Protein chains: 2
Amino acid sequence: MRRSRAPLDVLPAPEAANEMTDRERASSHPAAEPPSGVRTRSQLQRRRRIVQAAAALASRGGIEAMQMRTVAERAGVALGTLYRYFPSKMDLVVAVVGEELDLLERSIERRPPSAPTPAGKAADVLMRAARGLMREPELADALIRSLIITEVSTPFAERVSTLLLRVAAGLPREEITEDRLALAGALTAAWVMELLEMLRGRRTYEQMTRHIELAAERLFAGL
Amino acid sequence: MRRSRAPLDVLPAPEAANEMTDRERASSHPAAEPPSGVRTRSQLQRRRRIVQAAAALASRGGIEAMQMRTVAERAGVALGTLYRYFPSKMDLVVAVVGEELDLLERSIERRPPSAPTPAGKAADVLMRAARGLMREPELADALIRSLIITEVSTPFAERVSTLLLRVAAGLPREEITEDRLALAGALTAAWVMELLEMLRGRRTYEQMTRHIELAAERLFAGL
DNA sequence: CAGCTTTCTGGAACGTGTTCTACTTTGCTG
DNA sequence: CAGCAAAGTAGAACACGTTCCAGAAAGCTG
């Protein structure tokens, strides 16, 4: 019986750069809930230290190495505090993934895909992300599986799909229709599965590339 | 450190249709494949009781209700025995899913999809499966997530993909190429994700149907 | 049937995620 | 500054998957 409550924030939102700012009187509400923005600088730092420690641990030994006690210790906080920031291990994983995604988005911005067609661009983006993830296979595996499993709200797939539509198909946000999102979602889903297969050693990089290109060609044709 | 060893069988093989009816003396077929095949009648029954108990428990309360101790108790075996049959909870889940898949395959055989195009047929099959799974949402959710996560060998996606190619595209096994499998795999992946979204209440049945049809049309065009 | 091996059993024990408790520290706010 | 609630701390405790163990039961095999 562990529901995912978020006393501080926890959301994987790309609002990482959220410097502590204002704050309202504590009284205001009897324990409102999730939102409640970050409070002090030290809390921001604590949060950062935690996520950092978690990522570091996970990048060796995967998720099993990322034990809550160890993370707490390494981040220099008490176990209870860790749980105040991240009500479950999954929430922590989600936060780590969020940062990875930020990284990817920035990387894409810096160097947009060069392929001529939308399909080509999409495959390009996805395979670049795959390469990035494969640099830390343990972490990647753990993260992806965790994400799929979690009940914690994770706009992961949607974030990737939207990214694809924007950067590969060159669609401005307004032109992202449900149908298009569905197609991009299918491609994202295929990508995730292929990635998992590769991580499990059941796909070579070449196979995965081919499969993604094949699917992208069909799903992104005419976009 | 828990490796998945299978002392008896454990494979999600489609050999489920074993009615407890007649059971030839253990000898009959030397039960080839996995390590030591199933042995005696009582072992078969034990295995069946376990899977049954597991499925029953999981269909209420999902996977969390399917606790190893409870399963063991309910199946009338000792915990140690349960672990002899299924070296990990995941193996048990895989077995349960295997049975569900058998059910689906039989259902498809009984009443093949009627749509005219391969794409239509594929969507038909997938949505039928979805409806079936949605009858036990807790179970479905738990099973799917577990399957994706598991390291236990799970030809789940491949099984579904192959089924699609055979029944929707009418391809005999020999004509199932890697490229075709990749396309079917993409559709399967999209289906799985949509299913998860629906189970989480983030999709309506209608949305999912549309998305799957959309993806199927493109991925199965010209098959 | 005796002797051996394999399987089962009940139950203890271990590891790790999660929760709880009692206490201290921090950061206000009147 | 005194008071107070929120946030943090150390550490025990709990839950459940998993492992181990010693002994009983079941199956062979000679």
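Keep in mind that what you see is a predicted model, and the values were worked out from it rather than measured. Every chain is numbered from 1 and lettered A, B, ... according to where its sequence line falls, protein lines coming before strand lines.
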Quick one: which of B:E197, B:E194, B:Q207 gives a side-chain hydrogen bond (donor to acceptor under 3.5 Å, both in side chains) with B:R202?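 Running side-chain hydrogen bond (donor to acceptor under 3.5 Å, both in side chains) over B:E197, B:E194, B:Q207 with B:R202 returns exactly one hit, B:E197.
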
Between A:T81 and A:V77 (side chain of the first, backbone of the second, donor and acceptor by atom type, cut-off under 3.5 Å), is there such a pair?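 Answer holds: no.
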
Intra- and interstrand pairs of DNA chain D - dot-bracket, Watson-Crick/G-U under 3.5 Å, | marks other strand: ||||||||||||||||||||||||||||||

Identify, between A:L79 and B:M66, the residue whose nearest nucleotide on DNA chain D lies closer to the 5' end.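 That would be A:L79.
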
DNA chain C: A:K89 or B:G80, which has the more 5' nearest nucleotide?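 Between the two, 5'-proximity favours B:G80.
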
Neighbour count above 12 (heavy atom, 6.0 Å) for A:R131 CZ: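 Atom CZ in A:R131 is packed in, count exceeds 12.
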
Count the heavy atoms belonging to other residues, nucleotides or ligands that lie under 6.0 Å from CZ of A:R210, then report whether that count exceeds 12.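 No, CZ of A:R210 has 12 or fewer neighbouring heavy atoms, counting only those of other groups under 6.0 Å.
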
Using a cut-off of less than 4.0 Å, is there contact between a side-chain N or O of B:T81 and OP1 or OP2 of C:dT7?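 Result: no.
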
Give, for atom [atom1] of [X] and atom [atom2] of [Y], the distance between the pair rounded to the nearest 0.5 Å.
X	Y	atom1	atom2	value
A:Q52	A:R47	CD	CZ	12.0 Å
B:L133	B:L199	CG	CG	8.0 Å
B:I144	B:L195	CD1	CG	3.5 Å

Given atom [atom1] of [X] and atom [atom2] of [N], what is their separation to the nearest angstrom?
X	N	atom1	atom2	result
B:D91	D:dG17	CG	P	14 Å
A:R84	C:dC20	CZ	P	13 Å
B:M68	C:dA13	CE	C1'	17 Å
A:L57	C:dT16	CG	C1'	14 Å
A:F86	C:dT19	CZ	C1'	18 Å
B:Q43	D:dG27	CD	C1'	10 Å
A:Y85	D:dT9	OH	P	8 Å
A:L82	D:dA7	CG	C1'	14 Å

No-H, no-angle donor-acceptor pair, A:R69 side chain to C:dT18 base, under 3.5 Å: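 Side chain to base: pair found, below 3.5 Å.
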
Counting the atoms with a prime plus P, OP1 and OP2 as sugar-phosphate, which does B:R46 contact under 4.0 Å by heavy atoms, base, sugar-phosphate, or nothing?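 Here B:R46 touches the backbone only, sparing every base.
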
